[in-house]
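Here is the structure we will look at.
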Amino acid sequence: MKYLYRKEHLKAGFNSENYQFRIGELTSMTGVSARQLRYWESKGIIESIHRSGEQEGRVYKFKTFIKVMMIKYYLDTGYTLKSAVKNVEEKQKYLTLTRHIIFSALNGIVEVDGTVMLDLGNFDDDGQQRLLAYFDDDQQKVRYQLIDSDQMGDEDE
DNA sequence: ATTCTTACA
DNA sequence: TGTAAGGA
């Protein structure tokens, strides 16, 4: 068993603040026009950072990208902008909770017998067992495996 | 090249 | 909301 990544190495990659987009990029990513994005911002639905100095223009955070995607989804299924936004904002608190739990649970990425697995941290209160999760490509589902914590450091790099 | 605001359709 | 104008 070997650590491919430890928690601290995953942080930068999962830190959504590291991903920012200009309006043209957000438009091609979401299918929402620049006109709409500016209008939504004027209504307080989304936020952007105004870059000062050389490179003018709006900059959107990853969080905004997600929100725009979700609003677009509801618009496409026939909701008005107002109700689409309401739906999205109701769901956002659950997304936040989900993200908190998943990111705090994720302890690293390991490889066991050639299979890449997520280290989900201690399974029991006294820290004897570690919970690992991996994806079964054949059955298209998540599988779990327990491993003794004292084996976790083996073959470390 | 891209984005900005304003304004009219 | 789209589009065009006219600047940055």
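The chains referred to below are lettered A, B, ... by the order of the sequence lines, with proteins before strands, and numbering in each begins at 1. This structure is a prediction, so every number in the text was calculated from the model and none was measured.
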Applying side-chain contact (heavy atoms from CB on, under 4.5 Å), name anything that partners A:L118, two or more places apart in sequence or on another chain. A:L106, A:I109, A:L120
Name all pairs fulfilling the ring pair (Phe, Tyr, Trp, His ring centres under 6.0 Å) condition that reach into residues 70-89 of chain A, sequence neighbours left out, sorted by first residue then second. A:Y74-A:Y79
Taking 4.0 angstrom as the limit, do A:E47 and A:K63 come out as a salt bridge? no
Short heteroatom pairs, N/O only, protein and nucleotides 2-5 of chain B, under 3.5 Å:
residue : atom : partner : partner atom : Å
B:dT3   : OP1  : A:G24   : N            : 2.9
B:dC4   : OP1  : A:R58   : N            : 2.8
B:dC4   : OP1  : A:R58   : NE           : 2.9
B:dC4   : OP2  : A:R38   : NE           : 3.0
B:dC4   : OP2  : A:R38   : NH2          : 2.7
B:dT5   : OP2  : A:R58   : NH2          : 2.2

Suppose we screen for side-chain contact (heavy atoms from CB on, under 4.5 Å). Which residues come up paired with A:D148, at least two apart in sequence or across chains? A:Q129, A:D150, A:Q151
Side-chain donor-acceptor pairs of residues 28-38 of chain A under 3.5 Å, sequence neighbours excluded:
residue : atom : partner : partner atom : Å
A:S28   : OG   : A:G24   : O            : 3.3
A:S28   : OG   : A:E25   : O            : 3.0
A:T30   : OG1  : A:L26   : O            : 2.7
A:T30   : OG1  : A:V32   : N            : 3.2
A:S33   : OG   : A:Q36   : N            : 3.1
A:S33   : OG   : A:Q36   : OE1          : 3.3
A:Q36   : OE1  : A:S33   : N            : 2.9

Suppose the criterion is salt bridge (Lys or Arg N to Asp or Glu O under 4.0 Å): which pairs have a residue in residues 64-81 of chain A, not counting sequence neighbours? A:K67-A:E89, A:K72-A:D76
If the condition is side-chain contact (heavy atoms from CB on, under 4.5 Å), which residues does A:D126 pass it with, not counting sequence neighbours? A:D124, A:Q128
Clusters formed by hydrophobic residues whose side-chain heavy atoms approach within less than 4.5 Å: which one holds A:V59, and what are its other members? A:I49
Show every ring pair (Phe, Tyr, Trp, His ring centres under 6.0 Å) that has at least one partner inside residues 92-145 of chain A, sequence neighbours left out. A:F14-A:F103
Tell me which pairs pass salt bridge (Lys or Arg N to Asp or Glu O under 4.0 Å) where either residue lies in residues 102-111 of chain A, with sequence neighbours left out. none
Boundaries of the DNA chain C segment in contact with chain A, non-hydrogen, under 4.0 Å: C:dT1 to C:dT3
Give me the stems containing DNA chain B, sorted by first residue, counting only three or more consecutive Watson-Crick or G-U pairs with both distances under 3.5 Å; say none if there aren't any. B:4-9 with C:1-6
